[in-house]
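Everything below concerns the one structure shown next.
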4 protein chains.
Amino acid sequence: MAIEQAGRSRKGAKGSRTEAAIKAAGRRVLARDGYVNAKISDVAEEAGKAIGSFYKHFRNKEELLLALAEEFRIAVQDNIGAPSGIELDPFDNLREVVRSFWRAYREHGAVAVAVFQASMVNESFADMWRQIRAQGIRIASIRIRLAQRRGYCTGVDPEVASSVLCSMVEFTCYSWVVKNGDLDLLGRNADDSELIETLTKMVVGAIRWREDAVD
Amino acid sequence: MAIEQAGRSRKGAKGSRTEAAIKAAGRRVLARDGYVNAKISDVAEEAGKAIGSFYKHFRNKEELLLALAEEFRIAVQDNIGAPSGIELDPFDNLREVVRSFWRAYREHGAVAVAVFQASMVNESFADMWRQIRAQGIRIASIRIRLAQRRGYCTGVDPEVASSVLCSMVEFTCYSWVVKNGDLDLLGRNADDSELIETLTKMVVGAIRWREDAVD
Amino acid sequence: MAIEQAGRSRKGAKGSRTEAAIKAAGRRVLARDGYVNAKISDVAEEAGKAIGSFYKHFRNKEELLLALAEEFRIAVQDNIGAPSGIELDPFDNLREVVRSFWRAYREHGAVAVAVFQASMVNESFADMWRQIRAQGIRIASIRIRLAQRRGYCTGVDPEVASSVLCSMVEFTCYSWVVKNGDLDLLGRNADDSELIETLTKMVVGAIRWREDAVD
Amino acid sequence: MAIEQAGRSRKGAKGSRTEAAIKAAGRRVLARDGYVNAKISDVAEEAGKAIGSFYKHFRNKEELLLALAEEFRIAVQDNIGAPSGIELDPFDNLREVVRSFWRAYREHGAVAVAVFQASMVNESFADMWRQIRAQGIRIASIRIRLAQRRGYCTGVDPEVASSVLCSMVEFTCYSWVVKNGDLDLLGRNADDSELIETLTKMVVGAIRWREDAVD
DNA sequence: CATGAATGAGAGTTCATTCAT
DNA sequence: AATGAATGAACTCTCATTCAT
């Protein structure tokens, strides 16, 4: 989990407890109000601290999210970097990657959404978002190349295809995990395993086709 | 009311010219600054009108976007509703739908992004976003059911699969058309036709698989 | 007096009346509290306006003082530039210059002090202060050179001597006109004409000496 | 109490070492940032001490400066009080006084400026400043009376003339020693001995004139 | 004595919205 | 209808001062 650290400077036990409290409050407020509507004063209040305390630990709202996002980035990295398995079948491997990403979203969803939202308002978060995406695109493009060598999804640029793939995964995670958006829409309950099953099938399907395939 | 198309009240030629100017300015400012950062005063200035004029025509920023979004919604509807072609092959039909959606995005991108951004900040736009998505999901789910009758992508819920499909399309449009996001990332130039080609192939691929398929 | 203008942009009668009110209030508050302690909210209140109105006309406290200082600078320039009289006896001329400076201080004293105070806190006002001083030093150094040609105050650098002269005048004005400082100290009433008489005599005396003078 | 020299209470070796460190840090910070911008936390940090330690020794910023200023006041007193020499020629004596004042400024410049700055913001420092000035005015006025008895600078009030004289010296010191202001302005290097030479000549000149003098 | 995290009053600044002209 | 100055609620951020360890 490797949470903690990332605040401003060395501090004692008391200081890091406060920082943790502010971060936790930050996650809750961000989840509740979104990045744009989150107020520093609300974060402080939610943490049961004074406003000044917030500023002792973070320069502003941006820096708070930066710290939280770092945890998200690490979680994604740990989860996705892990299934090294180049040796695996590219499709099986992709399934693993999707599942990992899903897990990261499940745990850090609010932060992920906040970063996404912030990326629409703040150039440095836009950069961060591009970095995160780039990471995902690179990883997926490797599997696509492998698949192409076996004769699948030929005739498309691996990077472009990877970008499309990542959009599918990211936004599905966003819509389902975070916003719970389509659940109400479809009048169904959230069912992680069904959704992830469907998602992985479609991810794989999206690249496991041959130009010469016939019905 | 709904016929008067969003403005506030019946107005003469001068009034509607002003309203058009404000809408046009709104699109430019929204494109430039995003929904959250767009200021009423900037829209008025961009339109070459006084702030008071803005309020003569729109109650607030929300109403302005509502008016612009209505145009986007109609464009999507016209484009997507059009390829009625239930009679077509479901996959061919899906290709058409994707192309239509893409076109709508190309033309109304700034507004689409603004609505999306607003949906993160404002509950009524969140609703609107869900409506737009629901529309897309319903349309796609019909094709999926057709495909399933032919033995494809069986074993998955058509609505859930459709949601995933829509995420892929929507977010790819968002990333490429609007934010131009992955272009720099991949160090390539924008090439609409290549991207749309890849996207449609993957959309189709995502549902044109059989459980029993072998390599 | 040529007051007015200097605000942010073109505005109508109402706007410039408000701006004038804010400037007047600014002068009073600056006189009362000094630059450092002056609060925007106090200026607005003193002007009988809302805080927002202040910001409609000035970007911040610095800009307000800048506008007021410009009036002071012009007053000094008008007063001091005027006694062109190079043709005059350099000592008579100097007397005129001192009187002019005194008049400017009498009228804009509070602003002058505010600028001086600001120069201790804000680099751009420090620059302005140096500019104003430089202006005075240049003017006085011309008279000193003339005096030197007649055999007076030889053996000193005209600029350095001028700097000393300006210090005498400036700080005497500061102490007496503005702060009223030495009045209470000396247990006397302010008497402009006596003070200015003494000051001019000493200014002249400070350079009207000969190295070979004997008692 | 007065003997303990400004600190708060009787303290041991450790305490007074800390206090000395804080004072030294105070001088540096005051020189760097000025009185208004100096922050308690910066002084503590510069001293390598905790903020709490600062408050153990001084009630607030005002008290710190008071302690430092006391040292300055004593230096001025020691330097200026010393040249008792009423027996000297009043002009020679004045030269000595000016030189002494200059020396005090050279050594305690930062503190002197800080006190001056503080006097614009804080009534008790305004008082202190008046006291210091009064001291100087009293001393100089004695010489002026002596000069008047010899027929010089007759017809002016000795106290008023003395006030003008002190302004010349004080502000010249301020401008040159502390702010280094006119140096850059005049494009010359600092040259203590030249400046002090000029200054003393002008101080003497300012009172060594006769009403009946002819060119 | 030393420490430094915590506190919160207070100042600056923005911007949606109103309304008299 | 159009105008744009005026308004003030709502936020952000700073820093002197306290106090538990």
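Residue numbers begin at 1 in each chain, while the letters A, B, ... track the order of the sequences. From a predicted model like this one, the values you see are computed outputs, not experimental measurements. Hydrogens, waters and symmetry mates are skipped; everything else that's a heavy atom, side chains included, is used.
The distance from atom CZ of C:Arg17 to atom P of E:dA20 is 15 Å, rounded to the nearest whole Å. At whole-Å resolution of the value, NZ in A:Lys49 and C1' in F:dC13 are 20 Å apart. The nearest whole Å value for the distance from the CG atom in C:Asp33 to the P atom in E:dA11 is 11 Å. F:dA16 atom P lies 12 Å from atom CG of D:Leu64, rounded to whole Å. For the pair B:Asp42 CG and F:dG4 P, the computed distance is 15 Å after rounding to whole Å. In this structure, CZ of D:Phe54 is placed 17 Å from P of E:dC1, rounded to the nearest angstrom. A:Glu62 has its CD atom 10 Å from the P atom of F:dC13, to the nearest Å. Summarising the geometry, the separation between OH on C:Tyr35 and P on E:dA11 is reported as 15 Å, rounded to the nearest angstrom.
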How is the base pairing of DNA chain F summarised as a dot-bracket string, given the Watson-Crick and G-U wobble criteria with both distances under 3.5 Å, [ ] for crossing and | for another strand?
-> .||||||||||||||||||||
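A salt bridge is defined here as a Lys NZ or Arg NE, NH1 or NH2 lying under 4.0 Å from an Asp or Glu carboxylate O, and C:Lys39 with C:Glu45 fails to meet this definition.
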Criterion salt bridge (charged side-chain N to carboxylate O under 4.0 Å, His left out) on D:Lys56 and D:Glu19, from CA distance to verdict | CA-CA 9 Å; D:Lys56 198 58 122 210; D:Glu19 186 168 317; over 6 Å; no
Does the salt bridge (charged side-chain N to carboxylate O under 4.0 Å, His left out) test come out yes or no for B:Lys23 and B:Glu71, once each step is laid out?
-> CA-CA 11 Å; B:Lys23 276 174 157 183; B:Glu71 299 175 359; 3.2 Å; yes
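Between the side chain of B:Gln117 and the main chain of B:Val36, a donor-acceptor pair closer than 3.5 Å is present.
Nucleotides F:dT21 and E:dC1, compared at atom C1', are 13 Å apart to the nearest Å.
The CZ atom of B:Phe125 sits 14.5 Å away from the CE atom of B:Met120 when rounded to the nearest 0.5 Å.
D:Ile40 places none of its side-chain heavy atoms less than 4.5 Å from the side chain of D:Phe58.
Contact check, B:His57 against F:dA1: no side-chain N or O comes under 4.0 Å of OP1 or OP2.
Geometrically, C:Lys61 engages C:Tyr35 in a cation-pi contact defined by less than 6.0 Å to the ring centre and at most 45° from the axis.
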Polar pairs (N or O, both sides) under 3.5 Å between protein and nucleotides 14-18 of chain E?
| unit_1 | atom_1 | unit_2 | atom_2 | d |
| --- | --- | --- | --- | --- |
| E:dC15 | OP2 | B:Lys39 | NZ | 3.1 |
| E:dA16 | OP2 | B:Ile40 | N | 3.2 |
| E:dT17 | OP2 | B:Tyr55 | OH | 3.4 |

